[in-house]
Visitor: 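Can you read through this structure? Questions will come right after.
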Amino acid sequence: MPREKLSYAQKQCVTAAGKLMQQTAMIHPGARIGVAVSGGMDSWVLLQVLKLRQRIVPFRFEIMALHVNPGFDPHNHAPLLPWLRANGVASHIEVTDHGPVAHSPANLRNSPCFYCAKLRRTRLFELCKQYGLTHLAFGHNADDLVTTFFMNLVQTGRVDGMSMKEAFFGGRLTVIRPMMLVEKPVIARAVKQWNLPVWSNPCPSAFDSRRSEMTDEVKELCKGSKFAKANIFNGLIRWQLGLTPSDQ
Ligand SMILES: Nc1ncnc2c1ncn2[C@@H]1O[C@H](COP(=O)(O)OP(=O)(O)OP(=O)(O)O)[C@@H](O)[C@H]1O
């Protein structure tokens, strides 16, 4: 594959993921990473970044794209297929009924988003076991960390973020979030420049979830000061990495 010159935003994505992966010893030689691809911009950039990092990291690791179609449109993941072929990346793509079930009377106790995400996560864990994957990578970025932190605090009274690297099943699987240092606007620029064919999920709850409300509330909180957003990001990232302010 020819090595194309990367734009500033693309470099930021590749470098920040590399820095975090190194700093947290996220993967090891021979790692087999399942990359959870939703079709949204974060996981598209994650997939592209891990593909590029295979050429940079001084040891071999494998990647496999995992897409669990929630079932509102069984064909909308079609743009992923040519990319996988062109880049020689293995995949497992499956169409489920998770979305419709989460919005049906079968789910009266939880919000549709919570229920659907739970079904998806369970399925992704099963797929990791089925394919002997050692890692499962999610596309969460720095903005997701901030939103999750505030949601945990406001809704459940817990001071909790989102782990960058977490062991499951007695260490048989490690969940990783390599894009956690990258802010959404950088990802948005990189996804366009790489021309990655993002698709949307026609879910009836896509725009009215508690998460998108909290994202707006955080924006409102940061409106008064140009440093507020960066301070929140940096503070939370230092805390997640277990660093003190003088470490950075
Ligand atoms: N249908 C799916 N199939 C596989 N992985 C998924 C799916 N939906 C979400 N994920 C994984 O979970 C992460 C967080 O999910 P979330 O619902 O926030 O994604 P999104 O905002 O719709 O898309 P993205 O994070 O890719 O921009 C994604 O980055 C991706 O790694």
Side-chain angles (χ1 to χ4, degrees), residues 13 17 33-51 63-81 83-84 89-102 111-128 130-131 133 135-149 151 161-166 173-192 194 196-215:
C13 291
I33 309 176
V35 186
V37 179
S38 69
M41 59 174 92
D42 301 327
S43 48
W44 255 120
V45 168
L46 168 70
L47 184 60
Q48 176 73 65
V49 162
L50 289 178
K51 181 70 202 152
I63 59 174
M64 174 177 194
L66 305 174
H67 174 61
V68 180
N69 185 314
F72 293 112
D73 174 352
H75 306 293
N76 66 350
H77 57 260
L80 181 57
L81 305 176
W83 187 95
L84 293 168
V89 173
S91 66
H92 176 103
I93 295 172
E94 106 182 11
V95 179
T96 68
D97 59 0
H98 294 169
V101 168
S111 79
C113 295
F114 178 86
Y115 194 74
C116 188
K118 197 172 120 191
L119 294 174
R120 178 170 64 241
R121 194 178 168 90
T122 304
R123 187 64 193 132
L124 288 169
F125 281 166
E126 285 169 1
L127 291 172
C128 289
Q130 180 180 328
Y131 290 103
L133 302 174
H135 292 72
L136 174 61
F138 287 114
H140 297 105
N141 59 37
D143 296 60
D144 294 323
L145 170 62
V146 174
T147 309
T148 303
F149 174 81
M151 282 179 77
M162 204 183 242
S163 49
M164 298 165 177
K165 178 188 173 192
E166 187 174 354
L173 182 70
T174 306
V175 168
I176 56 173
R177 296 185 169 90
M179 304 308 295
M180 198 81 114
L181 297 181
V182 188
E183 295 182 29
K184 188 83 180 182
V186 176
I187 291 182
R189 283 200 295 278
V191 88
K192 272 203 189 133
W194 268 313
L196 296 169
V198 169
W199 70 87
S200 58
N201 172 21
C203 168
S205 304
F207 294 104
D208 62 7
S209 72
R210 187 65 197 100
R211 178 164 285 277
S212 36
E213 275 170 41
M214 184 54 83
T215 304

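Only heavy atoms go into these numbers, but all of them, side chains included; no hydrogens, no water, no symmetry mates. Numbering of ligands and ligand atoms starts at 1, following listing order.
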Visitor: For Arg120 and His98, does a side-chain donor sit closer than 3.5 Å to a side-chain acceptor?
Guide: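 No, no side-chain donor-acceptor contact under 3.5 Å.
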Visitor: Considering non-hydrogen atoms only, spot the tightest contact between Pro74 and Val95 and give its length.
Guide: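 Scanning both residues completely, I find the closest heavy atoms to be O-CG2, 3.7 Å.
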Visitor: Can you see which heavy atom on Ser205 is nearest to which on Cys113, and at what distance?
Guide: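 Answer, listing the atom of Ser205 first, then Cys113: CB-SG, 4.0 Å.
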Visitor: Between Asp42 and Lys184, does at least one N-O distance fall below 4.0 Å, as a salt bridge requires?
Guide: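 So Asp42 pairs with Lys184 through a salt bridge.
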Visitor: Identify, chain by chain and in numerical order, each protein residue with a heavy atom under 4.0 Å from an atom of ligand 1.
Guide: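 Around ligand 1, where the cutoff is 4.0 Å for heavy atoms, the contacting residues are Ala36, Val37, Ser38, Gly40, Met41, Asp42, Ser43, Leu66, His67, Val68, Arg120, Phe138, Gly139, His140.
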Visitor: Assess the pair Trp44 and Trp194: is the distance between their ring centroids shorter than 6.0 Å?
Guide: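 Ring-ring flag for Trp44/Trp194: false, centres at least 6.0 Å apart.
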Visitor: Does one side chain, of Asn201 or Asn76, offer a donor that lies under 3.5 Å from an acceptor on the other?
Guide: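 Asn76 and Asn201 do not have a side-chain donor-acceptor pair below 3.5 Å.
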